[in-house]
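On a predicted model such as this, the values are computed, not experimentally measured, just so you know. Positions are given from 1 along the sequence.
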Amino acid sequence: MNIAMVLVITLTWLGGTCGELGEQLFEVGKLEMFVDELPDMPRLNGFHSVHGDLKPTSLQIGMFFTKWKFHRDLPPTPVFAFGTSRSRATVPGPTIEAVYGVETYVTWRNHLPSSHILPWDPTISPATPKHGGIPTVVHLHGGIHEPTSDGHADAWFTSGFRETGPKWTKTTAHYENNQQPGNMWYHDHAMGLTRVNLLAGLLGSYILRHHAVESPLQLPTGDEFDRPLVIFDRSFRTDGSIYMNSTGNNPSIHPQWQPEYFGDAIIVNGKAWPRLTVRRRKYRFRIINASNARFFKFFFSNGLDFVVVGSDSAYLSKPVTTRSILLSPSEIADVVVDFSKSQSRTAVLANDAPYPYPNGDPVNEENGKVMKFIISNQPEADTYTIPKKLIEYPSADVSNAVLTRYIAMYEYVSNSDEPTHLYVNGLAFDAPVTETPKSGTTEVWEVINLTEDNHPLHIHLGLFKVVEQTALLAAALEEFKDCMTELNDAVKCHISKYLRGKKTAVTAHERGWKNVFKIMPGHVTRILVRFSYIHTNASYSFDPTQEPGYVYHCHILDHEDNMMMRPLKIIK
């Protein structure tokens with residue numbers, strides 16, 4: 001480590017320590033809940049109409065430093081926000097509405113200042129421009145599109161494209177929109193800075209509609225009864241600014257990095273514990289968990305059901321009714337709620353997921369509540385239905401897989417037993433690529449979680465189905481971990497000898513195609529990954545073998561930023 005880096009680390013740590021001594025956290029318990037109306041974020045069409053025909057369009061969306069009001073009684077908060085101008089920038093950013101088969105082009109422009117509003121750690125290999133500025137790059141999560149538009153972590157750029165990362169290729173992203181209809185979200189993906197750039201506000205939703213396929217379902221679509229709910233957690237200082245601990249859990253190793261960020265206030269569409277007045281009818285909510293590390297287990301205080309129609313970026317084959325939904329960071333649940341069935345005039349959307357999940361602290365008064373629905377007393381006619389069948393995609397069969405891969409998740413700790421970094425397959429991100437699936441094929445991935453945390457695995461480009469979840473024998477788990485730590489080879493460590501524990505059934509509404517799944521600690525989760533379109537089984541409409549390739553990673557952002565991410569190279 002050179003002298004300059006030592007100086008940067010020392011100053012960062014000292015600055016963070018001194019700053020924390022003087023800063024005052026806002027006691028969010030003093031904020032009154034359910035006083036702000038739930039915002040509906042601005043909508044941007046990813047297409048335009050010419051004599052009734054839908055045509056491709058080009059959008060210019062900037063990233064701006066501005067202020068945002070998260071609560072009526074909280075001072076305005078400095079944020080980084082997406083928008084078509086600084087005055088129109090919002091947190092979350094505008095909802096992009098795209099249409100199947102109509103291309104969308106987006107030029108993401110970085111108008112951010114030279115310095116970050118949150119502490120960042122120079123020791124975890126973040127994107128570090130030579131001439132200052134804040135590196136950003138946008139990933140459309142769940143999108144199936146060319147590598148040059150995927151938002152590779154090393155394809156970052158600073159304000160005005162003054163400086164670019166080693167994998168940067170072009171200024172305008174091209175989204176083909178040739179995949180199955182469903183829900184996605186866009187967010188920053190810059191190397192080592194994703195957690196701070198998202199905390200600052202760089203995220204928004206993206207909906208891909210297919211009218212010919214979706215209209216017969218008669219679900220709420222594209223109107224006031226169809227609302228994205230982008231949910232995340234934040235803490236604040238008394239001046240309204242976002243609070244993030246600026247001292248690491250191992251400050252002599254990483255002066256700032258902490259293994260998980262948890263905020264005290266729950267934010268929905270940019271407001272802390274908002275309220276929404278609803279009519280006695282069906283509503284559709286596209287729920288996105290945009291937190292850094294917090295899992296949510298959602299349920300209604302008055303016992304209302306969720307009818308799940310989609311998971312992540314794809315519809316289910318049939319609706320699933322459930323009283324609760326567990327969402328890890330970056331997972332999406334597409335649900336219908338029928339408020340005509342409520343016996344009460346109000347319903348609180350609540351949460352009872354421990355943090356960290358699954359063995360952390362229980363929820364408290366603040367993070368155990370999400371938002372409030374005020375339900376009209378007047379009954380009304382409702383033309384929307386919940387069909388018995390949704391969209392059936394071509395079947396997926398393990399017997400069609402061309403090979404099996406073992407993907408192991410590791411966590412490393414210091415002498416004080418505090419996490420220092422996390423690896424996938426025992427390798428740093430910049431180690432040579434080891435996952436090289438062939439375009440158009442299907443693979444089985446046996447994902448081995450050797451840590452104590454639940455890690456949401458996200459694969460760029462490929463969609464997958466969860467086949468099986470099997471516990472490793474608890475009595476011999478340490479023995480297997482020791483072998484894996486030494487050899488990093490599941491076959492040589494005789495995984496079949498240890499893979500004899502209890503099997504956990506896949507939750508009914510998670511048996512469809514997904515792009516994120518919760519990998520249970522001490523378990524092996526078998527997934528069937530497809531590298532072609534799931535709705536047609538056809539090859540991609542672009543060349544997926546181009547540079548800079550794709551990645552897969554844990555979607556706890558603090559883990560992803562500290563090496564729990566690996567490259568994914570598609571080959572012909």
Side-chain angles (χ1 to χ4, degrees), residues 12-13 16 19-20 23 25-26 28 70 77-80 91-92 116-124 126 185 187-203 230-237 240-251 253-268 270 272 288-296 327-331 351 353-361 363-364 366-368 370 411 418-422 451-456 458 516 518 553-565:
T12 301
W13 181 78
E20 285 186 18
E23 65 192 358
L25 279 175
F26 194 102
V28 297
F70 282 101
T77 300
V79 294
F80 295 161
V91 179
H116 215 290
I117 58 175
L118 293 171
W120 58 277
D121 197 313
T123 66
I124 59 172
W185 63 299
H187 60 78
D188 177 78
H189 207 264
M191 178 64 70
L193 297 170
T194 301
R195 72 198 191 288
V196 290
N197 286 350
L198 263 74
L199 276 179
L202 294 178
L203 53 100
V230 183
I231 304 177
F232 50 81
D233 53 342
R234 295 290 185 272
S235 289
F236 302 96
R237 297 184 183 87
S241 61
I242 295 169
Y243 170 75
M244 183 184 191
N245 196 326
S246 55
T247 302
N249 60 317
N250 286 301
I253 301 171
H254 299 307
Q256 186 278 324
W257 181 81
Q258 294 260 350
E260 287 100 11
Y261 174 91
F262 296 109
D264 298 323
I266 305 302
I267 313 295
V268 187
I288 303 171
N289 180 356
S291 298
N292 279 34
R294 184 181 294 278
F295 285 60
F296 287 102
L327 284 188
S328 67
S330 84
E331 279 190 299
N351 161 52
Y355 60 103
Y357 190 84
N359 300 313
D361 296 328
V363 297
N364 57 30
E366 286 74 43
N367 56 50
V370 179
E411 181 178 75
E418 284 287 330
T420 57
H421 61 289
L422 303 99
T451 80
E452 296 180 0
D453 290 330
N454 190 309
H455 296 284
H458 174 47
V516 184
K518 300 169 282 287
H553 56 86
C554 171
H555 221 290
I556 292 176
L557 301 183
D558 314 274
H559 298 177
E560 173 189 344
D561 271 355
N562 199 356
M563 292 294 146
M564 206 170 194
M565 176 166 65

Item to complete: Tell me, please, which residues at least two apart from H421 pass side chain to side chain donor-acceptor pair (under 3.5 Å).
Response: none

Worksheet item: Looking at residues at least two apart in the chain, or sitting in another chain, which of them share a salt bridge (charged side-chain N to carboxylate O under 4.0 Å, His left out) with R195?
Response: D561

Worksheet, complete the sentence: By salt bridge (charged side-chain N to carboxylate O under 4.0 Å, His left out), D233 pairs with (sequence neighbours left out) R294

Discussion item. P92: which residues meet the side chain to side chain contact (heavy atoms under 4.5 Å, CB included) condition with it, sequence neighbours left out?
Written reply: M41, L203, V230

Discussion item. What I want to check is whether the side chains of H458 and H553 have a donor and an acceptor closer together than 3.5 Å.
Written reply: no

Item to complete: For N364, check side chain to side chain donor-acceptor pair (under 3.5 Å) against everything at least two apart and list the hits.
Response: N367

Response to the item:
Residues passing the ring-ring contact (aromatic ring centres under 6.0 Å, His included) test with F232, sequence neighbours excluded, are none

Item to complete: Apply salt bridge (charged side-chain N to carboxylate O under 4.0 Å, His left out) to E560 and list each qualifying residue two or more places apart in sequence or on a separate chain.
Response: none

Worksheet item: Mind checking what makes ring-ring contact (aromatic ring centres under 6.0 Å, His included) contact with Y355, not counting sequence neighbours?
Response: F262

Worksheet entry | Pairing residues for L118 by the side chain to side chain contact (heavy atoms under 4.5 Å, CB included) criterion, not counting sequence neighbours | H116, V196, L199, A200, I242, M244

Worksheet entry | Residue list, side chain to side chain contact (heavy atoms under 4.5 Å, CB included) with N249, at least two apart or on another chain | W257, Q258, P259, E418, P419

Discussion item. List the residues meeting side chain to side chain donor-acceptor pair (under 3.5 Å) with E366, not counting sequence neighbours, and say none if there are none.
Written reply: none

Worksheet item: Considering residues at least two apart in sequence or located in another chain, which fulfil the side chain to side chain contact (heavy atoms under 4.5 Å, CB included) criterion with P358?
Response: N454, P521

